[in-house]
Amino acid sequence: MKILVLLKMVPDIVEELEVAADGRSLDLDFLRLIVNESDDHALEEALILKERHGGTVTAVALEAPDVDDVLFTALAKGADRAVKIEGGGDNLSTRRAAGVLAGTLPGAGDLLPADLILTGCQAIDDLDGFLAPALAQALGLPYVGLVGRVAPQDGKALVAKEFAGGVLGEYEVSLPAVIGVQGAEKPPRYVPVAKVRAAMKSAEIETVAAAPGPEVPSFDIEEMLKPQPADRAEMIEGDPEAVAARICEILSERGLL
Amino acid sequence: MAQAMVLEDTGLTLDTLLETPAGRRALSCIQCGICAGTCPYGSVMVNTPRKLINKLRAGLIGEVLASDDLLSCVTCYACWAKCPREIRLTDVLLPLVKEQVFLNLPEVPAELQSALEATLRYGNPMGESPRKRAAWVETSEVEVPIIRDVKRPVETLWIVECYASYYPRGQDNARATAKVLVALGVDFAILGNEEKCAGECARLSGETGLFDKLRDDNMKILGKYEFGRVVTSDPHAFDAFRFLYPPLGLSVPVEQTTPFVARHIDQLKPKLTKKLSYKVTYHDSCVLGRHNGYYDEPRLILDAIPGVEVVEMAHTGINAICCGGGGGGMWLDTFYKAKGYDRLSDRRVEEAVATGADVLAVSCPYEVPRFEDSVKVLGHDDRLVVKDVMEIVAEALED
């Protein structure tokens, strides 16, 4: 079983997001990037599959600040290889990132064919979850998203996909396939810092040059705005007692109490 | 009683331990079992220090390393303080074994994992923004200078540490400490947003690699400034700065706020003019008490405050019951509960209530959330409040 895991860096929202001077992008000065949470789950699911069925896990990421730390962490957790795609461009939109991946992966050594390409089903800068399906389409592979469990067997995989209301659907998908992981079977594992430091000393991140990919329908951001308080919002101020009293008053005025 | 001392050998591992004096001493264990008897989790732990040493001698240490049992060690220094052979249990042997246990854990308990990941990424276990570390300063009644801004050497570098910087009740301690330092006329500054966790809990929870990284980072930051001494609000950080940072070059005296203020109590006394009418019982912090011997200092401060009556709990001084927060215990409550263990802070709060005190005084910022949770869970919130000694001192200060 050969598994590729695509890891992507996203803004760490522990810091407040600010709009840059161009009015169309995030101010990156104080922003740090962090690995996309559901990509981290995709890596965990890949490592679980490797432990269960054998095979190899290769972590792949586009060049970005701090991405080396993320790739070494993946190696320390048990990934066999880490590959960084360089020269694909900065601050790529989701769709353009999918294009670069689709252009680069087929010609990048022996990365493809892989039985499974796992990645997160969403990211905070890709709430539509477009990266994995766009990549699948460009590579001509099937795609299933919002997956919580992957069970490969005989050239196929059974995947569990969650629906609203706690309903679980089970799908059969032929391999190779692209899978958008929502959450791994268990939370991503901890890797001790000593093991990451050891990986930094003993392992290497392979680099490949980005290759232009197929044209993926895309769009440009015209304007980026912070949410504006609406006129009808009333900010209630004062100590907790006064605030509680005012809330009761409002509920009573509207006939809700 | 064992002597607290600087851990000079920074590369010590369980494999090399037995070549050192501390390791050879461990082998001289007489199997008396005082360690297990005094351990707050001794009745539920499988590998008490006595058994652990026995297994080490018998070549069966693998059994200890394959189990998560040693996560029950909350590094309270009780075994260390009472061992008749003066074996360096809590500061040397147990951390080295725990390091291997941690590396072998199939799964790190979830809350501990998120605290460790947050400490690595943000420099604090809460996962708060490092850029907000000094945000509490804006709510301080007195000016709190940041060392980068003062642009001159200061007499005292006050390391506020994580809980006093971020945790809302910890910030009460930070504001109180600032007021006390100003009242004492101390020339001080803080590191501000450059400050990072000292890493003591990372080391004692077994995550030695994280401690090493934090210590390296902190030594670089400390190396940028000139200061005559370090005073820190957190006994755990104090312990790390006192015993684990000197081999990397930290050479100034290190104090924790409670003993520091106690040392200046005569100077402060004339300013402690407000009568408080509190009946106070003091909980000895494990690190400050058993490891560093500061039993009298907090009581000296409390005795100097008008209207404060100090009463003692059944277990006090060297026998004090741990709050359960050390060695990663801060983030292992769910893990202990799943194993069916008592919450140690509950035990301690019951003892505090039994004294009839209305204030449980503490010197460690971990203890405020731990004891406040227990006070609420046990339904004692109508009769007992938890306050840091610094908060009580600041209350007694003239306006």
Side-chain angles (χ1 to χ4, degrees), chain A residues 7 9-18 26-37 39-41 43-45 47-48 50-52 65-70 72-78 124 183-202 239-240, chain B residues 10-14 68 71 95-96 98-133 135 166 193 197 199 202-203 205-217 328 331-332 334-335:
Chain A
L7 301 171
M9 302 300 279
V10 295
D12 185 345
I13 52 171
V14 76
E15 306 295 356
E16 278 164 36
L17 301 180
E18 297 292 339
L26 287 174
D27 186 345
L28 297 176
D29 280 356
F30 290 106
L31 212 55
R32 275 178 77 198
L33 299 181
I34 189 168
V35 67
N36 177 32
E37 192 181 350
D39 293 358
D40 210 18
H41 278 265
L43 173 64
E44 183 61 35
E45 190 64 23
L47 295 171
I48 292 171
K50 179 186 156 182
E51 285 159 3
R52 207 172 276 160
D66 295 338
V67 78
D68 286 9
D69 289 349
V70 169
F72 280 122
T73 302
L75 289 167
K77 282 182 176 182
I124 56 161
E185 290 165 51
K186 64 177 196 58
R189 65 195 64 193
Y190 185 79
V191 59
V193 172
K195 287 189 181 172
V196 180
R197 282 189 160 184
M200 285 174 172
K201 279 188 190 146
S202 64
D239 60 44
Chain B
T10 54
L12 203 60
T13 66
L14 189 55
D68 62 9
L71 294 190
L96 293 179
K98 216 172 177 186
E99 178 183 11
Q100 297 305 315
V101 167
F102 188 86
L103 287 169
N104 283 312
L105 277 181
E107 228 167 273
V108 177
E111 287 143 46
L112 179 62
Q113 172 167 344
S114 77
L116 294 171
E117 284 173 345
T119 306
L120 173 65
R121 185 163 177 88
Y122 306 112
N124 69 82
M126 296 85 171
E128 295 283 344
S129 159
R131 292 174 63 209
K132 292 180 184 156
R133 192 168 184 107
Y166 289 107
N193 292 341
C197 180
R203 174 172 180 266
S205 67
E207 212 335 355
T208 313
L210 176 57
F211 167 72
D212 290 343
K213 185 184 182 320
L214 291 166
R215 180 169 62 171
D216 288 348
D217 292 352
W331 308 284
L332 289 168
T334 310
F335 175 80

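Just so it is clear: chains get the letters A, B, ... in the order the sequence lines come, proteins before strands, and each one is counted from 1. Being a predicted model, the structure only gives us computed values, none of them experimental.
Contact tally against chain A (heavy-atom pairs below 4.5 Å) for B:Phe102, B:Phe211, B:Tyr122: the top residue is B:Tyr122. When B:Arg121, B:Glu207, B:Glu117, B:Lys213 are compared by the number of non-hydrogen pairs under 4.5 Å with chain A, B:Arg121 comes out ahead. Most heavy-atom pairs under 4.5 Å with chain B, from the set A:Lys195, A:Lys186, A:Arg189, A:Arg32: that is A:Arg32. Chain B forms more heavy-atom pairs under 4.5 Å with one residue of A:Val191, A:Val196, A:Asp12 than with any other, namely A:Asp12.
At a threshold of 4.5 Å between non-hydrogen side-chain atoms, the residues A:Leu43 and A:Pro188 do not count as touching. Within the 4.5 Å cutoff, the side chain of A:Pro65 has no heavy atoms near those of the A:Met9 side chain. Side-chain contact between B:Leu112 and B:Ser205 is present, with heavy atoms from C-beta onward closer than 4.5 Å.
Ion pairing between A:Glu185 and A:Arg52 holds under the 4.0 Å rule for side-chain N and carboxylate O.
The contact between B:Glu128 and chain A is made entirely by backbone atoms, counting heavy-atom distances below 4.5 Å. Within the 4.5 angstrom heavy-atom criterion, no atom of A:Asp69 approaches chain B. Of the two parts of B:Gln113, the backbone and the side chain both hold a non-hydrogen atom closer than 4.5 Å to a non-hydrogen atom of chain A. Interface residue B:Leu103: backbone and side-chain heavy atoms are both found under 4.5 Å from chain A. Heavy-atom distances place no part of A:Pro187 under 4.5 Å from chain B, backbone and side chain included.
By the 6.0 Å and 45° rule, B:Arg133 does not stack over the aromatic ring of B:Tyr166.
With hydrogens and angles disregarded, a donor-acceptor distance shorter than 3.5 Å links the side chain of A:His41 to the backbone of A:Ala184.
Using modelled atom types, one finds no donor on one side chain facing an acceptor on the other under 3.5 Å when comparing A:Tyr190 with B:Glu107.
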